[in-house]
Amino acid sequence: MPTTIPQPRPFGFQPPLAGVVQRSEELCGLCSTIAFHHNFYHKMTQDIRLGTWEEILRSQYCSFCRLVASALIANPNRSPRYLDDQIILSNDASWELGVEQSPYDKLNSDTYSNKLDLRSTAKQCQDVAYRLVVYVKDTPEVRSCIQYLAHGVRKEDQQFFGRPLDREKVDTYLLKKWLRLCEDWHGDICEQDGVSGQNLPTKLRLIDVEERTIVKVSTARVQYLTLSYVWGTDDMLRETGMTPVVTNRADIRFSSTGEELTPLPDHLPQTIEDAISLTLTLGFRYLWVDALCIIQDDPTKAKNLHLERMDAVYNCSTLTIAAASGLHADSGIPGISVPRKNSPRPEKIQGMHLAAMSPSFTELENSQSLIWNTRGWTFQEKILAKRILLFTDYQVYYRCSESVWTEEIVNETKRLSNSIESRPGKYRWAADRPRHNVSGKLLLLKMIVPQLHVDDQWSYLGRFPDYAAAIREYTQRTLTNPNDILIAISGVLKTLKPDTGQFICGLPKAYFAQSLLWYPEPGKRHIRSDPNLPSWTWAAWHCVNGVGYDVLDVRMIRTIMITIRNLLARLGKAMAKASSGSSDSDSSSSSDYSGDSGSSSSSTSSSTSSSSPSTYYPYEPPKKKRDWSTRKIVGKASGNIVACFGWPLAVRDHTVKHMFYCAEKKVTPLNCEETLSLHTFMADGTMFKENENNSSKSSRSRQDLQDIARKYRFPLLSMETIIVKLNIGRCLHHILPTHDDDASVFELVDHNGSCVGEVWTTLRLAKEGREEPLEFLTINWGLSLSVAEIDEAFIPRWTFDSAKLPESQIFMNCRSFFEEALRPAPSKGLMGRYGVNSAQAEQPSVMKFLDALFTAKKGQPRPKFLWSTVNLILVEWDGPIARRVGVGKVIFSAWLLARELFSTPEEVILA
């Protein structure tokens with residue numbers, strides 16, 4: 001068994017061996033043989049084993065071992081766990097290791113990252129700079145970098161080499177240079193306000209840092225900075241005895257001309273004082289700080305108006321100063337008034353100055369190791385800011401719409417990539433990015449070179465992935481006042497409204513059925529925190545690890561259904577030509593086929609029938625002997641499609657019907673369009689469509705619903721749905737819950753004890769579900785399972801043998817048509833992708849689906865992405881009212897058995 005060690009100590013720890021001089025330049029035997037200079041200009045031919053983690057820690061007299069230890073300790077999330085972990089030394093091009101991903105598109109890092117920009121700049125460099133990489137042998141993701149400081153390099157060759165850091169003071173000249181370069185190189189992309197900017201008031205209270213007064217100025221005439229920081233009221237009182245310094249109505253003063261002119265208090269918290277000093281240094285006059293620029297004892301209505309406009313204040317500011325490491329408002333800004341605690345110390349080795357590198361911006365941007373990233377209000381301040389200076393105990397990071405720059409490395413890229421794959425505004429919040437419109441020429445090039453990222457994937461899902469991503473991060477944060485749960489994210493939600501419509505208790509109206517299916521991340525407490533909000537919204541619950549959405553479930557559904565809709569229509573004409581004897585060498589036939597592809601597409605785009613190919617195309621007399629083998633293969637593949645999805649298409653009760661929202665004496669019909677049916681996916685790619693007849697199909701009158709809603713303090717949902725009963729089995733998460741309120745993922749089991757799905761709920765409900773079946777509401781149809789391994793008897797299997805289609809030109813044309821049919825419509829916008837679980841990260845491509853169909857073997861299991869499932873909500877009953885306490889997925893055949901095949905939907909009130 002490996003020996004576990006405690007969390008490694010931070011920078012500045014004393015060496016284990018007594019009497020050793022910390023800054024000695026002596027090297028151990030292995031390190032003295034490494035040609036360090038060579039490693040910074042050439043790729044290493046092979047990796048070098050440096051020894052175990054214990055050996056590295058015990059060799060602190062060796063300056064390079066000391067450097068390796070500092071590098072691995074620099075990132076607390078990626079330090080070795082065991083003393084006998086093997087530490088390996090390698091190297092890689094510095095520009096490649098400097099790639100920073102967009103926080104909203106992590107699965108598409110090349111397109112939404114600075115990789116293309118860095119590569120473009122690297123091609124202009126005379127010498128390639130390398131970084132040393134140290135990592136744990138069996139877990140390469142546990143890695144850190146060591147770089148060569150550019151003190152001895154010619155100025156023209158400094159690109160991608162390191163910069164020495166001053167632990168005491170930040171280089172303010174460099175900060176000013178970043179702002180100047182951003183203005184010169186990026187132009188309007190970084191200057192343009194986002195959607196939130198439309199909400200900015202015409203006049204705003206700002207701190208005049210030159211006169212040290214609070215004034216009211218026109219926002220159309222001035223540039224101003226904003227401060228994003230942690231109040232930390234309790235921590236500040238405990239550590240310093242100081243309470244927050246705020247502006248109240250009694251503090252307001254006026255000049256002789258009647259204008260507001262309120263002097264700043266004599267003593268300010270150090271973080272605010274540092275922000276004022278930095279604003280002056282950077283050459284700006286005005287600064288906005290919430291504690292001083294919002295009247296804190298205003299009436300509730302007036303104060304809430306200011307809070308609702310905070311998103312616009314941050315979105316329209318020239319720059320946001322983010323004090324990310326401070327525990328409270330008096331902690332100061334690292335590098336301004338206090339030293340950077342974790343800034344790496346350089347070492348001199350064989351005449352060269354080397355330094356361990358700090359965690360990257362990508363690693364820190366969402367890391368909860370920064371106190372700033374754990375607070376609810378700072379979430380929208382972060383993602384809506386156009387430019388951010390992120391001050392940490394490591395270094396300063398600069399992020400604008402186009403670039404991420406850091407103090408420790410020269411990576412300012414003057415020349416943005418002009419690659420066809422590059423995206424404008426890649427680091428902006430997705431709703432604020434410029435639209436990426438794909439031209440026909442690019443789509444044609446994509447067909448020739450499929451690896452090119454020229455199209456924006458998932459655009460047919462609108463902003464739902466952005467919403468899911470934002471909620472996942474936001475719900476991991478804490479709020480001093482839990483009642484601020486919705487108002488503190490209202491600015492972010494407002495940016496999504498053009499696509500999602502209004503929000504109901506934090507859930508988007510346009511995607512309401514899907515947004516009900518949030519689940520608590522396993523491992524921590526899941527507690528109802530706000531009794532004034534309904535149980536069906538994530539905002540009513542406190543989930544330490546946040547909540548997630550199965551975004552890929554919706555994407556896979558759409559991919560499969562579009563393929564089904566187009567299979568006969570798209571292949572029909574090609575197969576008709578193949579069966580009539582057309583050959584690949586028949587150039588006229590081939591040209592005829594490709595020439596009428598556009599009309600074929602338009603003539604079938606709105607069709608939702610599943611009849612035979614002859615229904616779509618007129619019969620053509622055979623010119624040569626029919627190719628019955630190809631038609632037979634397609635027929636069997638079509639039979640397998642019917643076997644896969646025939647029952648779900650026929651049994652339409654897999655989706656909730658006639659949903660109504662009851663609140664404030666109003667009853668509003670909600671969108672509950674079936675997410676998996678042939679008529680759902682229209683020719684324009686619309687995912688959801690309002691059912692205009694919803695209001696007339698409820699089994700209850702509107703007056704009945706209003707009477708029920710009056711008895712409760714929060715909104716209710718009324719819906720027609722199928723109720724099924726299932727038991728809960730063993731825990732499927734690697735960390736077993738110990739407290740009744742701990743959330744985790746468990747097996748769903750039928751009355752025979754067979755695993756038929758999975759459910760996210762608390763340990764208390766899981767215990768109850770082992771004793772007797774619990775009740776679930778049917779919401780909609782889905783695909784695949786995330787973690788559960790279902791019982792052998794319920795694994796979906798192929799019905800027919802199929803065979804691979806011949807690799808003919810006709811078949812290749814068919815593949816191209818499928819790619820075109822399933823490509824997102826360019827009129828749709830961009831969307832985020834970072835809210836996806838690692839368990840859900842693998843998604844089926846169109847070709848993967850087709851290959852599965854045409855290589856099926858009777859009786860063999862289908863691929864998991866072709867497993868039909870049903871999404872459920874676990875409920876507890878309070879008399880006639882149900883409350884949401886979990887969410888699950890069950891295999892479709894088991895759902896049919898649990899509902900006793902043909903039970904009718906019931907009217908349910910969900911509170």
Side-chain angles (χ1 to χ4, degrees), residues 471 475 482-483 485-486 504-507 512-521 525-543 547-549 656-664 667 670 672 700 704-728 737 739-746 748 759-780 870-890 905-911:
I471 297 305
T475 51
N483 293 331
I485 183 72
L486 289 175
I504 300 174
C505 296
L507 306 185
F512 198 80
Q514 189 65 28
S515 64
L516 286 172
L517 299 175
W518 58 268
Y519 56 86
E521 290 288 353
R525 300 290 164 86
H526 175 57
I527 303 171
R528 180 83 175 270
S529 58
D530 191 341
N532 295 314
L533 287 173
S535 65
W536 40 264
T537 174
W538 50 264
W541 297 81
H542 174 60
C543 307
V547 303
Y549 280 98
V656 66
K657 299 292 189 297
H658 318 313
M659 191 184 301
F660 292 85
Y661 170 69
C662 316
E664 300 176 355
V667 177
L670 295 177
C672 56
R700 295 178 185 267
D704 289 342
L705 296 175
Q706 290 173 359
D707 292 341
I708 296 173
R710 288 192 190 99
K711 299 177 183 179
Y712 292 86
R713 291 173 293 178
F714 43 73
L716 306 176
L717 292 180
S718 172
M719 63 183 76
E720 281 190 10
T721 184
I722 295 290
I723 300 176
V724 296
K725 293 185 177 182
L726 292 164
N727 286 89
I728 297 181
H739 190 276
D740 278 353
D741 290 325
D742 286 351
S744 197
V745 55
F746 303 88
L748 274 181
V759 59
W760 282 261
T761 189
T762 61
L763 179 60
R764 176 182 68 82
L765 271 298
K767 291 176 180 177
E768 293 180 13
R770 292 191 186 104
E771 301 298 327
E772 59 183 23
L774 303 181
E775 294 193 347
F776 294 81
L777 307 183
T778 300
I779 301 299
N780 57 22
V870 178
N871 294 312
L872 308 171
I873 283 180
L874 173 61
V875 295
E876 285 186 320
W877 293 91
D878 179 11
I881 303 297
R883 288 190 171 87
R884 183 197 193 279
V885 288
V887 64
K889 298 186 79 168
V890 62
E906 300 180 35
E907 185 83 7
V908 176
I909 303 294
L910 189 62

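Scanning all heavy atoms of the two residues, the minimum distance from Ile723 to Glu906 falls at CD1-OE1, 3.7 Å. The minimum heavy-atom distance between Asn780 and Gln514, with the atom names listed, is ND2-OE1, 3.3 Å. Between Ser515 and Tyr549 the shortest heavy-atom distance is O-OH, 2.6 Å. Nearest heavy-atom pair across Ala539 and Cys505 is CB-O, 4.4 Å. Scanning all heavy atoms of the two residues, the minimum distance from Leu872 to Val887 falls at O-CG2, 3.2 Å. The two residues Val908 and Trp877 make their nearest non-hydrogen contact at CG1-CH2, 4.0 Å.
Annotation: the span from Leu716 atom CG to Ile881 atom CD1 amounts to 6.0 Å, rounded to 0.5 Å. For the atom pair CD1 (Ile873) and CG (Leu910), the distance works out to 6.0 Å, reported to the nearest 0.5 Å. Annotation: the span from Leu774 atom CG to Leu874 atom CG amounts to 5.5 Å, rounded to 0.5 Å. Rounded to the nearest 0.5 angstrom, Lys725 NZ and Glu772 CD are separated by 8.5 Å. Distance CH2/Trp538 to CZ/Arg884: 12.5 Å, rounded to 0.5 Å. Between the CD1 atom of Ile485 and the NE2 atom of His542 there is a distance of 9.5 Å, given to the nearest 0.5 Å.
Checked against the 6.0 Å centroid threshold, Phe512 and Trp536 count as a close aromatic pair.
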Kindly determine whether Ser718 and Glu907 satisfy side-chain hydrogen bond (donor to acceptor under 3.5 Å, both in side chains), including the steps that lead there.
-> CA-CA 7 Å; Ser718 172; Glu907 185 83 7; 2.4 Å; yes
For side-chain contact (heavy atoms from CB on, under 4.5 Å), just list the numbers for Arg528 and Ser535, CA-CA rounded to whole Å, side-chain angles, deciding distance to a tenth of an Å, and then say yes or no.
-> CA-CA 8 Å; Arg528 180 83 175 270; Ser535 65; 3.7 Å; yes
For Phe776 and Leu748, run side-chain contact (heavy atoms from CB on, under 4.5 Å): C-alpha distance rounded to whole Å, both residues' side-chain angles, the deciding distance at 0.1 Å, then the answer.
-> CA-CA 11 Å; Phe776 294 81; Leu748 274 181; 3.5 Å; yes
Worked verdict on Tyr519 versus Glu521 for side-chain contact (heavy atoms from CB on, under 4.5 Å) | CA-CA 6 Å; Tyr519 56 86; Glu521 290 288 353; 4.0 Å; yes
Residues Leu726, Val890; criterion side-chain contact (heavy atoms from CB on, under 4.5 Å); working and verdict = CA-CA 9 Å; Leu726 292 164; Val890 62; 4.1 Å; yes
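The only option from Leu486, Thr537, Asn483 that meets the side-chain contact (heavy atoms from CB on, under 4.5 Å) definition with Asp530 turns out to be Asn483.
With Asn727 contributing its side chain and Gly769 its backbone, the two residues share a donor-acceptor pair below 3.5 Å. The backbone N or O of Val547 sits less than 3.5 Å from a side-chain atom of Thr475, completing a donor-acceptor pair. In this structure, the side chain of Thr762 does not engage the main chain of Asp742 through any donor-acceptor pair within 3.5 Å.
Residues forming a side-chain hydrogen bond (donor to acceptor under 3.5 Å, both in side chains) with Lys767 (at least two apart in sequence, or on another chain): Asp740. The side-chain hydrogen bond (donor to acceptor under 3.5 Å, both in side chains) check on Ser744 picks up nothing, with sequence neighbours excluded.
Ion pair Arg883/Glu876 not flagged as a salt bridge, since none of the NZ, NE, NH1 or NH2 atoms sits closer than 4.0 Å to an Asp/Glu carboxylate oxygen.
Looking at heavy atoms from C-beta onward, Leu516 lies in side-chain contact with Leu717 at the 4.5 angstrom threshold. Side-chain contact between Phe746 and Thr761 is present, with heavy atoms from C-beta onward closer than 4.5 Å. The shortest side-chain heavy-atom distance between Cys543 and Pro520 falls under the 4.5 Å cut-off. Side-chain contact between Trp518 and Ile471 is absent, with no heavy-atom pair separated by less than 4.5 Å.
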